[in-house]
Participant: 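Have a look at this one.
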Amino acid sequence: MSAPPNFIKYIIEADIAAGKNDGRVHTRFPPEPNGYLHIGHAKSICLNFGLAEEYNGLCNLRFDDTDPAKEEVEYVESIKSDVRWLGFDWDGRLYHASDYFEQLFEYAVQLIKKGKAYVDSLGSDEIREYRGTLTQAGKNSPYRERSIEENLDMFERMRAGEYEEGAHVLRAKIDMASPNMLMRDPTLYRIKKVPHYRTGGMWVIYPMYDFTHCLSDSIEGITHSNCTLEFENNRELYDWVLDQLEVYHPQQIEFARLNLNYTVLSKRKLIRLVEEGHVDGWDDPRLPTISGLRRRGYTPESIRNFCERIGVAKADSMVDIALLEYCIREQLNKISLRVMGVLRPLKIIIDNYPEEQVEELDAINNPEDPDMGTRKIPFSRELYIEQDDFMEEPPKKFFRLAPGREVRLRYAYFITCDEVVKDPATGAVTELHCSYDPQTRGGDAPDGRKVKGTLHWVSASHALDARVHLYEHLFLKENPNAVEEDKDFSDYLNPNSSETLKNCKVEPSLNAARPGDRYQFERLGYFSVDTKYNSPEYLIFNRIVTLRDTWAKILKAQQQKK
RNA sequence: UGGGGCGUAGCCAAGCGGCAAGGCACAGGGUUUUGGUCCCUGCAUUCGGAGGUUCGAAUCCUCCCGCCCCAGCCA
């Protein structure tokens, strides 16, 4: 029932045992609304909401919206719907850092009054120079010793809009020689004459992350503030601000962010893929965004299971995307309806089957779940099978159709291939003439003879037209972030990551398929009806993931031998 | 050359002084009207390395090596 142990749970359990925060557990998921959520965020969402659930606590959704230049309502709406879709509920505790702007301003004034913050009038380049380097101490700004009165006055004027952008900033007065760069008088407020998507033109100064985040956590009574590893250096500042202000002090805990191979999980890179048109929007099914995974056909449960399986720790890691694929197969195997669909059709004619005759055969909807029942599928003289299921000169271990060979058509009959018809110009196989054994109706031979292969098929005259999108890894390189000299991560994009098959044939029961419905196409994989595009003439499917394909492995091994 | 972190199998990851969980991947076998599912089996004499403490070390100590993060008026 409960997810596996991790170091954050141990911290929480120790805190509860010690009576810290009266045994309360209160977490938060604090996205900045400057992009769409991806599966890395899902890890954080599952962690924070999951912790709250497990320890009878609460988890807030808080937008960390302190940079009006980057943030938009479109993003907050998408984030809210993604969190909900994943199955989590902030239950009315939806907050925004921008809700706290007035309070934050007051805190800044307090800091100034304590002599712990000052208005600096150095330019940004100068501030950088004065900061020193990793190995050299910085030096104090000439404005560092302004009087409290002057600081107060100037900070009020900053707020009043009396200065231009960049003219002044409010800085914490800490230690320009600190070995931690973040403690060298970090900027607390900057002037930005940019309207905020929520506060409009109310403010022209905006607080920085380090000042905002810890205080927002404090205001909300957060007990355990979980963030990713790159914020470890910020913790000293997080603690400093809260200590100076003598306010309620949550605990920041850092864990490793998710990395997945064959894809990218950084907002900056995802934004580029979208804006440069490498993909079809934020919900492109090849993207690791929540909206992309949703459109691809992934279920929330499978993503939650994935997040549970990868664990939470402090070591930088790169998870194999095969685990994500395993998680969606695992669920879809249990719940999805089986149907037959032919992606690359090859026509076969059963010469000894009466013309005009049609039989309704029984097919099982889901062998994993007998309660899902059966359905009828039409069988007739002309059928389509998969091109891959026939080979004129079959290699070893090929169990499918070949000249003179007998196979089973699933739920139908045994058929034998009698004749191969080819295009005289190209030599390509255009159709097959076969004969069936009437005794094998349903798929078993009364004489007990066996066949090695079972093929999926569809009746030519009854089949529905469909278009199918096949997807592969977005990148060819396992780690597209490891860019070589003179290269860009986009150079590693897989040119074959998306393929559209326009001539597919699926069984007639699929006329009931609605956008978002998921099916297993037997022997092929799991597919979902696209939710973005549709056509009155044909169905559009996205391949979520293939089935495990042992034959493909054998083939690959055979080819490698040669 | 400053500071903060991290190193357990191909990939994740438990383990917190008593003698290496689990999952994915991979390999073999069984069942099978999906080359799917399911079921067995195998897969670290060893925990980045070297010393030390101890009856006993992945766990404690010392040194070394490797990787990640920090010099935004981004978060």
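Letters go in sequence order (proteins before strands), and every chain restarts at 1. Since we're looking at a predicted model, the values are computed, not measured.
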Participant: Just N and O in the side chain of A:Thr135: are any of them under 4.0 Å from OP1 or OP2 of B:G3?
Facilitator: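 Checking B:G3 against A:Thr135, no side-chain N or O comes under 4.0 Å of OP1 or OP2.
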Participant: Has A:Tyr209 got a side-chain N or O lying under 4.0 Å from the OP1 or OP2 atom of B:C74?
Facilitator: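 Looking at the OP1 and OP2 atoms of B:C74, neither is under 4.0 Å from any side-chain N or O of A:Tyr209.
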Participant: Taking only the side-chain heavy atoms of A:Ala315 (C-beta and beyond), determine which of B:C74, B:G7, B:G35 contains the nearest atom.
Facilitator: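 Nearest nucleotide to the side chain: B:G7.
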Participant: I'd like to know if the side chain of A:Thr27 reaches the main chain of A:Asn48, judged simply by a donor and an acceptor atom lying under 3.5 Å from each other, with no hydrogens or angles considered.
Facilitator: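 Checking the backbone N and O of A:Asn48 against the side chain of A:Thr27, a donor-acceptor pair under 3.5 Å is found.
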Participant: Taking syn as a glycosidic torsion within 90° of 0 and anything else as anti, which one is B:G52?
Facilitator: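 Anti for B:G52; the angle lies over 90° from 0.
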Participant: Would you mind reading off the distance between A:Leu229 atom CG and B:C70 atom P, rounded to a whole angstrom?
Facilitator: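 Atom-to-atom, A:Leu229 to B:C70, this comes out as 11 Å.
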Participant: Which nucleotide sits closest to the side chain of A:Ala322: B:G36, B:C24, B:C12?
Facilitator: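 Comparing B:G36, B:C24, B:C12 against the side chain of A:Ala322, the answer is B:C24.
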Participant: Is the distance between the ring centroids of A:Phe527 and A:Tyr519 less than 6.0 Å?
Facilitator: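 Between A:Tyr519 and A:Phe527, which both carry aromatic rings, the centre distance is not below 6.0 Å.
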Participant: Could a donor-acceptor pair under 3.5 angstrom be found where the side chain of A:Gln136 meets the base of B:U1?
Facilitator: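 Such a pair does not exist between side chain and base.
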Participant: Roughly how many Å is it from OH in A:Tyr262 to C1' in B:C11, rounded to a whole number?
Facilitator: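 After rounding, the gap between these two atoms is 11 Å.
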Participant: Nearest whole Å is fine: how far is B:U37 P from A:Glu368 CD?
Facilitator: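 Rounded to the whole Å, the gap is 9 Å.
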Participant: I'd like to know whether NZ of A:Lys556 has more than 12 heavy-atom contacts from other residues, nucleotides or ligands below 6.0 angstrom.
Facilitator: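 Open.
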Participant: If I pick the C1' atom on B:U59 and the same atom on B:U53, what distance separates them, to the nearest angstrom?
Facilitator: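 One C1' to the other, the span is 13 Å.
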Participant: Could you measure between the two P atoms, the one in B:G66 and the one in B:G49, and give it in whole Å?
Facilitator: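 Their P atoms lie roughly 15 Å apart.
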Participant: Does A:Lys450 make a side-chain N or O approach to OP1 or OP2 of B:U32 shorter than 4.0 Å?
Facilitator: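 False: A:Lys450 side-chain N/O out of range (4.0 Å or more) of B:U32 OP1/OP2.
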Participant: Taking atom P in both B:C47 and B:A20, what distance in whole Å separates the two?
Facilitator: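 One P to the other, the span is 12 Å.
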Participant: Closest to the A:Met181 side chain: B:U34, B:A71, B:A75?
Facilitator: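 The nucleotide sitting nearest to the side chain is B:A71.
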Participant: Could you tell me if the ring centre of A:Phe306 sits under 6.0 Å from that of A:Tyr326?
Facilitator: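 Not under 6.0 Å, so no.
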Participant: Kindly say whether, by distance alone, the side chain of A:Asn233 makes a donor-acceptor pair under 3.5 Å with the base of B:G3?
Facilitator: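 Present.
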Participant: Name the nucleic acid region contacted by A:Thr212, choosing base, sugar-phosphate or nothing; use a 4.0 angstrom heavy-atom cut-off, strictly under.
Facilitator: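 No contact.
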Participant: Does the gap between the ring centers of A:Trp457 and A:Phe379 come in under 6.0 Å?
Facilitator: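 Yes, ring centres under 6.0 Å apart.
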Participant: Which residue pairs pass the salt bridge (Lys or Arg N to Asp or Glu O under 4.0 Å) test when at least one of the two sits in residues 228-242 of chain A, sequence neighbours left out?
Facilitator: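 For residues 228-242 of chain A: A:Glu230-A:Arg257, A:Glu232-A:Lys314, A:Arg235-A:Glu254.
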Participant: Rounding to the closest angstrom, what is the interatomic distance between B:C69 and B:G18 at atom C1'?
Facilitator: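 It works out to 37 Å between them.
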Participant: What integer number of Å spans the P atoms of B:C64 and B:G2?
Facilitator: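 So the two P atoms sit 12 Å from each other.
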Participant: Return the value, rounded to whole Å, for the distance between atom CG of A:Asn180 and atom P of B:G4.
Facilitator: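 Rounded to the whole Å, the gap is 9 Å.
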Participant: Is the phosphate of B:C26, meaning OP1 or OP2, less than 4.0 Å from a side-chain N or O of A:Lys553?
Facilitator: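 Yes, A:Lys553 has a side-chain N/O under 4.0 Å of OP1/OP2 on B:C26.
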Participant: Just say parallel, tilted or perpendicular for the rings of A:Tyr100 and A:Tyr95, cut-offs at 30° and 60°.
Facilitator: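 Correct class here is tilted.
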Participant: Students often get this wrong, so: under 4.0 angstrom with heavy atoms, is A:Val312 touching a base, only sugar-phosphate, or nothing?
Facilitator: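 Sugar-phosphate only.
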Participant: Say you pick atom P in B:A58 and the same atom in B:A50; how far apart are they, in whole Å?
Facilitator: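 12 Å, rounded to whole Å.
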Participant: Whole Å only: how far is the CZ atom of A:Arg523 from the P atom of B:G36?
Facilitator: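 It is 11 Å, rounded to the nearest whole Å.
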Participant: With respect to the side chain of A:Glu32, which nucleotide from B:C12, B:C73, B:A75 is positioned closest?
Facilitator: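 Within the option list, the nearest is B:A75.
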Participant: Do A:Arg518 and A:Tyr526 form a cation-pi contact, if we require the NZ or CZ to be under 6.0 Å from the six-membered ring centre and within 45 degrees of the ring's axis?
Facilitator: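 That pair does not qualify as a cation-pi contact.
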Participant: Closest-nucleotide mapping onto RNA chain B: is A:Pro207 or A:Ala313 further toward the 5' terminus? I mean the 5' end.
Facilitator: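 Of the two residues, A:Ala313 wins.
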Participant: Can you tell me the distance, in whole Å, between the CG atom of A:Asp320 and the P atom of B:C24?
Facilitator: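 From A:Asp320 CG to B:C24 P: 12 Å.
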Participant: Would you write the dot-bracket representation of RNA chain B, where each base gets (, ), [, ], | or . depending on whether it forms a Watson-Crick or G-U pair under 3.5 Å and with which partner?
Facilitator: .(((((((.[[[..)..(...]]].(((((.......))))).....[[[[[..)....]]]]])))))).....
Participant: Is the shortest side-chain N/O distance from A:Arg329 to OP1 or OP2 of B:U37 below 4.0 Å?
Facilitator: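 False: A:Arg329 side-chain N/O out of range (4.0 Å or more) of B:U37 OP1/OP2.
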Participant: Rounded to whole Å, how long is the line connecting atom OH of A:Tyr163 with atom P of B:C73?
Facilitator: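 Nearest whole value for this atom pair: 20 Å.
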Participant: Any side-chain N or O of A:Arg190 less than 4.0 Å from the OP1 or OP2 oxygen of B:C74?
Facilitator: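 Looking at the OP1 and OP2 atoms of B:C74, one of them is under 4.0 Å from a side-chain N or O of A:Arg190.
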Participant: Which class fits the ring pair A:Tyr36 and A:Tyr75: parallel under 30°, tilted 30 to 60°, perpendicular over 60°?
Facilitator: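 Plane angle over 60°, so perpendicular.
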Participant: Can you find a side chain N or O atom of A:Arg309 that sits less than 4.0 Å from OP1 or OP2 on B:A14?
Facilitator: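 For A:Arg309, the contact criterion (side-chain N or O under 4.0 Å from OP1 or OP2 of B:A14) is not met.
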Participant: Can you say whether a donor on the side chain of A:Asp316 sits under 3.5 Å from an acceptor on the base of B:C6, or the other way round?
Facilitator: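 By the distance-only test, no, there is no pair.
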Participant: Here's one to test your reading of the geometry: is the NZ or CZ of A:Lys139 within 45 degrees of the ring axis of A:Tyr130 and under 6.0 Å from its centre?
Facilitator: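 Pair A:Lys139/A:Tyr130 counts as cation-pi.
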Participant: I want to check one thing: is the phosphate of B:C73, taken as OP1 and OP2, less than 4.0 Å away from some side-chain N or O of A:Arg131?
Facilitator: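 So the side-chain polar atoms of A:Arg131 do come within 4.0 Å of the phosphate oxygens OP1 or OP2 of B:C73, strictly under.
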Participant: Does the base of B:G72 carry an N or O that pairs as donor and acceptor with the side chain of A:Arg128 under 3.5 Å?
Facilitator: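 Result: no qualifying N/O pair found.
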Participant: When you measure from the side-chain N and O atoms of A:Thr187 to the phosphate of B:G72, is any distance below 4.0 Å, counting only OP1 and OP2?
Facilitator: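 Checking B:G72 against A:Thr187, no side-chain N or O comes under 4.0 Å of OP1 or OP2.
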Participant: I'd like the P distance from B:C38 over to B:C24, given in whole Å.
Facilitator: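 After rounding to an integer number of Å, I get 9 Å for this pair.
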Participant: Students often get this wrong, so: under 4.0 angstrom with heavy atoms, is A:Tyr189 touching a base, only sugar-phosphate, or nothing?
Facilitator: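 No contact.
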Participant: Considering only atom P, compute the distance from B:A25 to B:G7 and round it to an integer number of Å.
Facilitator: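 Per the computed distance, 25 Å lies between those P atoms.
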Participant: Could you tell me how far apart A:Ile364 (CD1) and B:U32 (P) are, to the nearest whole angstrom?
Facilitator: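 My rounded result for the distance is 14 Å.
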Participant: Quick one: does A:His38's side chain have a donor or acceptor within less than 3.5 Å of a partner on A:Gly40's backbone?
Facilitator: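 Confirmed, A:His38 side chain pairs with A:Gly40 backbone.
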Participant: Which sits closer to the 5' end of RNA chain B, A:Lys397 or A:Leu122, going by the nucleotide each is nearest to?
Facilitator: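 So the residue in question is A:Lys397.
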